[in-house]
Number of protein chains: 2
Amino acid sequence: MLQLVDVSTQNGFQDGMSGNPLPLGDLSSLVGYHLRRASAAFALDFQEAVKGTGMRQVLVGILSIIAANPRVNQGTVGAALGIKRANMVSLINELVDGGLVAREVSPTDRRAFSLTLTQAGEAMRQECTARIQAHEAQMLADMTAQERETLLELLGRIAAKRL
Amino acid sequence: MLQLVDVSTQNGFQDGMSGNPLPLGDLSSLVGYHLRRASAAFALDFQEAVKGTGMRQVLVGILSIIAANPRVNQGTVGAALGIKRANMVSLINELVDGGLVAREVSPTDRRAFSLTLTQAGEAMRQECTARIQAHEAQMLADMTAQERETLLELLGRIAAKRL
DNA sequence: TATTGTTATACTCTATAACTATA
DNA sequence: TATAGTTATAGAGTATAACAATA
């Protein structure tokens, strides 16, 4: 069970910098706005978490998909993450050049590439995942485990709508 | 109060396109990833909602802040929305050129600009807000009012961390 | 000396269209 | 004819540094 809070009287929807109480107008009630801000906050935190590794959000996403689906096609990875084919090319090049991903011509379709993590890629993935999980734990420190689950569940239902 | 759902048995963390069940690996448990996807889904929906108006997420944000704070300073608007001063310039130019925002030198500080919505700006803000609210209602149609409030409250707590 | 807004600039992310090689 | 990957390119969004006018 979760305690519900009256949104309109809460303090959480204001500029966190310098305790600025500037009213946001209709923005306060828009889920999209709060998703945008929360996502940006997590993106900043992510950057700090993986600082020095050369990784970015997209790249970690790709590594994670490949780890969970060895020999997956390049296009399949892109489709899962919402990345256009054209934009996948340089991303995979980056990972291959960095020695994190092995790219082979698919044995069943000579047009396609079969992607697998190298040992270095798997190590990088584990290192990044560990760091990110630690950072997320801090970001969500004031939430109960149940609240975190609820958040994940609600976000999952949203994204399921339209990918 | 809210009913909690067992996340691990839910179907919400998979690629919605074509019922693709591609496993996401460790990504599934990262809040940042789901925030990113949900935010992207809402951004796409936003674009459809305001299609033909010439508006974008940032611009609607600015209109909303100005509406709620007439004669607000340009820099204050940027700070509230996390927009750098340098990037505010062309955004405000765009709104002034479009006849949506009136820009005057502040009477109390001749360095600063005092921003107010024009009648057209207020009409545009109302039109966009109405469209976005209608679209969001559809995006969140399968959530109860309590779940939506909980979502807003949890997102607000996240963004309050680091703006 | 600090701050408001400005300019110039660069880098990332994203989106589209045209191409190739295979199917 | 359709699909996997490629190339080139253009548009947002975002970041920094240097500057002018004013505080």
**Asked** Going by heavy atoms in the side chains, are A:Val101 and A:Thr116 under 4.5 Å from each other?
**Response** no
**Message:** Would the distance check show the side chain of B:Asp109 and the main-chain N or O of B:Arg111 forming a donor-acceptor pair, the cut-off being under 3.5 Å?
**Reply:** yes
**Item:** Most 5' of A:Met88 and A:Gln47 on DNA chain D, judged by nearest nucleotide
**Value:** A:Met88
**Request:** For DNA chain D, find the residues of residues 104-113 of chain B with a heavy-atom distance under 4.0 Å and give them by number; none if there aren't any.
**Result:** B:Asp109, B:Arg110, B:Arg111
**Asked** How long is the line joining NZ of A:Lys84 and P of C:dA18, in whole Å?
**Response** 17 Å
**Message:** Quick one: does any side-chain atom of A:Arg131 pair with a main-chain N or O of A:Glu48 as donor and acceptor, under 3.5 Å?
**Reply:** no
Heteroatom pairs (N/O) under 3.5 angstrom, protein to nucleotides 8-11 of chain C:
none

**Prompt:** Is B:Thr118 reaching over with its side chain to a backbone N or O of B:Ala102, donor-acceptor style, under 3.5 angstrom?
**Reply:** no
**Item:** Atom pair distance, as rounded to whole Å: CD in A:Gln74 and P in C:dT22
**Value:** 16 Å
**Request:** Sequence neighbours left out, what passes side-chain hydrogen bond (donor to acceptor under 3.5 Å, both in side chains) with B:Gln133? Give chain and number order.
**Result:** none
**Prompt:** On DNA chain D, which is the earliest and which the latest nucleotide, 5' to 3', with an atom closer than 4.0 Å to a heavy atom of chain B?
**Reply:** D:dG13 to D:dA23
**Prompt:** Do any N or O atoms from the side chain of A:Asp45 and from the backbone of A:Met139 form a donor-acceptor pair under 3.5 angstrom?
**Reply:** no
**Request:** Nearest whole angstrom, please: distance from the P of C:dT14 to the CG of A:Leu81.
**Result:** 11 Å
**Prompt:** With distance as the sole test, does A:Arg125 use its side chain to make a donor-acceptor pair with the main-chain N or O of A:Leu63 at under 3.5 Å?
**Reply:** no
**With A:Arg110 via side-chain hydrogen bond (donor to acceptor under 3.5 Å, both in side chains) - residues at least two apart** = none
**Within 6.0 angstrom of A:Arg71 CZ, more than 12 heavy atoms from elsewhere** = no
**Message:** Please enumerate all residues that pass salt bridge (charged side-chain N to carboxylate O under 4.0 Å, His left out) together with B:Arg36, with sequence neighbours excluded.
**Reply:** none
**Request:** Check for a donor-acceptor pair, side chain of A:Ser114 on one end and backbone N or O of A:Val105 on the other, with a separation under 3.5 Å.
**Result:** no
**Prompt:** Can you tell me if the side-chain N/O atoms of B:Arg85 get under 4.0 Å from OP1 or OP2 in C:dT7?
**Reply:** no
